[in-house]
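Start at 1 and go down the list; that is how both ligands and their atoms are numbered. If you read the sequence from its start, that first residue is 1, and numbering goes on from there.
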Amino acid sequence: MIKKDIIIIGGGASGMMCAVKAKENNPDKSVVILEKQSKIGRKLLSTGNGRCNLSNLNADNTDYYHGSFKDELKTVYKKCSMVKVLEQFSNLGLSTNMDSEGRTYPFSNHATTVLDLLRFKLEELKVEIIQDTFVKSVEKKNNEFIVKTDKTNYGCRKLVVSTGSPAAPKLGSDKSGIEILKKLGHKIVPLSPALCPLEVVDKSLMPSIKGVRQKGIVSLYDGDKLIKTEGGEIQFTENALSGICIFNLSSYVKDLQNPVVSLNLNFVKENYGQLFYVLKFNRERFKEREITRFLDGFYVNNLGVAILKSAGIKKLNRKISTLLNNEIENICDTIYDWKFKVKKPLDFSKAQVCSGGVLGSEINPKTMESRLVNNLYICGEAVDINGDCGGFNLNFAFASGIIVGESL
Ligand SMILES: Cc1cc2nc3c(=O)[nH]c(=O)nc-3n(C[C@H](O)[C@H](O)[C@H](O)COP(=O)(O)OP(=O)(O)OC[C@H]3O[C@@H](n4cnc5c(N)ncnc54)[C@H](O)[C@@H]3O)c2cc1C
């Protein structure tokens, strides 16, 4: 067995940041990252569409997060605010930019810059990085952790689990780390995909509008009960609703009996009456055209036709002049409140993060140390907390990694 002082399982966002702080704090101790993939930080490179949205101006506001660690999160951000996270990056030499919505990116707009600066620092500090090494299990005997990998066994007194979640398995993610934590006695809040598209139940109209993007307001309901509303660009895919606003609703769906998403695609700034008036006016102006062209001034044609079909308008090859007032009312209703029954997300392949993980009350937020197993620390997505789109998840990964590193 190879003995080390501090072992970090998982060289992702939280593990790399943790290793930097751990070695800075303990220059004379051996700090090792065990990473199952051939390179550390693989997921980081895919974040923010390759731009790495690493933090957010509102990252310390716990309203943007979900999960059993939410109450403890306040303590985490008191210890390590987003300003401290950005200071840490500044110390690594990273220059950042914030967009109008508070999302923070590297000035280069390339995730590789973030990863390179973390890697250079790890090299300079002489953190040992052991790649292509899968940790199969961990046991604790006489105050020592025995970390069994597919190559060899390691022993250490202090262990960090920063293995992330099963979201986006094509980037190498799985739930092996969560299983390790479960075997060490932790309660795991069930895992489900979050920040993901929502598959619709009735797909009949979807192929015709696949690829369309349209700004609007989206509301999630459980039956008739409003759960949450978001605004932004809605993307229609072959079988699902997608886009950041949909992603942000997706974490709530798993708890609902009858999840329904309503799209409000109103293009008239004023009210319903105004919309009705505009459409009636257009019935006169464009009376000779086919009904399929009725919404052409507002939406791409295939989206307009899908709205007409959803509004129950029959015989679309009629002239626009033949539209009855009650048909125009139905079109207005659909534009304002286009309902899609959606399924509970089950597929991790399209999810950016995972909801669930180690139960929040089992982790001390001041240190991120397990309350059940001394000298075991947990950071990043393995914890039952997940944030909205916009840099919240990476910010938590980095902040929790910093806290662990400083606690070791
Ligand atoms: C496509 C995509 C885009 C995203 N974009 C953003 C964004 O722009 N902003 C944002 O805030 N969040 C984003 N996220 C979420 C963010 O990437 C994660 O929340 C974050 O990476 C979690 O960090 P982590 O350290 O917990 O896990 P990870 O970064 O996933 O790292 C875990 C590491 O542990 C390793 N590992 C796992 N199990 C073992 C084992 N048994 N043995 C050895 N090694 C193991 C893995 O290989 C991996 O390298 C995105 C996610 C995806 C999938």
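Looking at K36, R51, M16, it is K36 that brings a heavy atom closest to atom 44 (N) of ligand 1.
The nearest protein atom to atom 41 (N) of ligand 1, hydrogens excluded, is given as S176 OG, 2.9 Å; this is a heavy-atom distance. If you check which protein heavy atom lies closest to atom 53 (C) of ligand 1, you get A168 CB, 3.3 Å. The shortest contact between atom 8 (O) of ligand 1 and any protein heavy atom is with G48 N, 2.8 Å. The nearest protein atom to atom 27 (O) of ligand 1, hydrogens excluded, is given as G164 CA, 3.3 Å; this is a heavy-atom distance. Regarding atom 14 (N) of ligand 1, its nearest protein heavy-atom neighbour is T47 CG2, 4.0 Å. The shortest contact between atom 49 (O) of ligand 1 and any protein heavy atom is with E35 OE1, 2.6 Å. The shortest contact between atom 29 (O) of ligand 1 and any protein heavy atom is with A13 N, 3.3 Å. Of the protein's heavy atoms, T163 O, 3.3 Å lies nearest to atom 37 (C) of ligand 1.
In this structure, Y77 and Y65 have tilted ring planes: the angle between them lies in the 30° to 60° band.
Considering both main-chain and side-chain atoms, S46 never comes within under 3.5 Å of ligand 1 through any nitrogen or oxygen pair. Residue L394 places at least one N or O, backbone or side chain, under 3.5 Å from an N or O of ligand 1. In terms of polar-atom proximity, defined here as any N/O pair under 3.5 Å, V135 does make such a contact with ligand 1. Not a single N or O atom of S165, backbone or side chain, sits closer than 3.5 Å to an N or O atom of ligand 1.
Atom numbering of ligand 1 starts at 1 in the shown order; those under 4.0 Å from a heavy atom of G380 are 26 (O). Every atom of ligand 1 is numbered from 1 in the order shown, and the set under 4.0 Å from a heavy atom of S14 is 24 (P), 25 (O), 26 (O). Residue A397 approaches ligand 1 through these ligand atoms, each under 4.0 Å from one of its heavy atoms: 23 (O).
Within the 4.0 Å heavy-atom criterion, both parts of E381, backbone and side chain, lie near ligand 1. Proximity of L44 to ligand 1, defined as any heavy-atom pair under 4.0 Å, is not found for any part of the residue. At a 4.0 Å heavy-atom cut-off, ligand 1 does not touch F396 at all. At a heavy-atom cutoff of 4.0 Å, ligand 1 is contacted by the side chain of V353 but not by its backbone.
The environment of NZ in K175 is sparse: at most 12 heavy-atom neighbours from other residues, nucleotides or ligands sit within 6.0 Å. Within 6.0 Å of CG on N326 lie more than 12 heavy atoms contributed by other residues, nucleotides or ligands. Other residues, nucleotides and ligands place no more than 12 heavy atoms under 6.0 Å from the NZ atom of K350.
Side-chain contact check for F120 versus L118: every heavy-atom pair is 4.5 Å or farther apart. When side chains are defined from C-beta on, Y105 does not count as touching L54, because their heavy atoms never get closer than 4.5 Å. Taking 4.5 Å as the limit, every side-chain heavy atom of V85 sits out of range of all side-chain heavy atoms of T104. Side chains of M206 and F340 form a contact here, defined as non-hydrogen atoms less than 4.5 Å apart. With a 4.5 Å cut-off on side-chain heavy atoms, I209 and V212 count as touching. Within the 4.5 Å cutoff, no side-chain heavy atoms of N395 are placed close to those of N56. With contacts defined as side-chain heavy-atom distances shorter than 4.5 Å, the pair Y272/C332 qualifies.
Residue-ligand proximity: K43 is placed with a non-hydrogen atom under 4.0 Å from ligand 1. Contact between T149 and ligand 1 is absent, with no heavy atom of the residue lying under 4.0 Å from the ligand.
Taking K148 as the reference, E139 meet the salt bridge (charged side-chain N to carboxylate O under 4.0 Å, His left out) condition, with sequence neighbours excluded.
Ring centroids of Y154 and F145 are separated by 6.0 Å or more, keeping the two rings apart.
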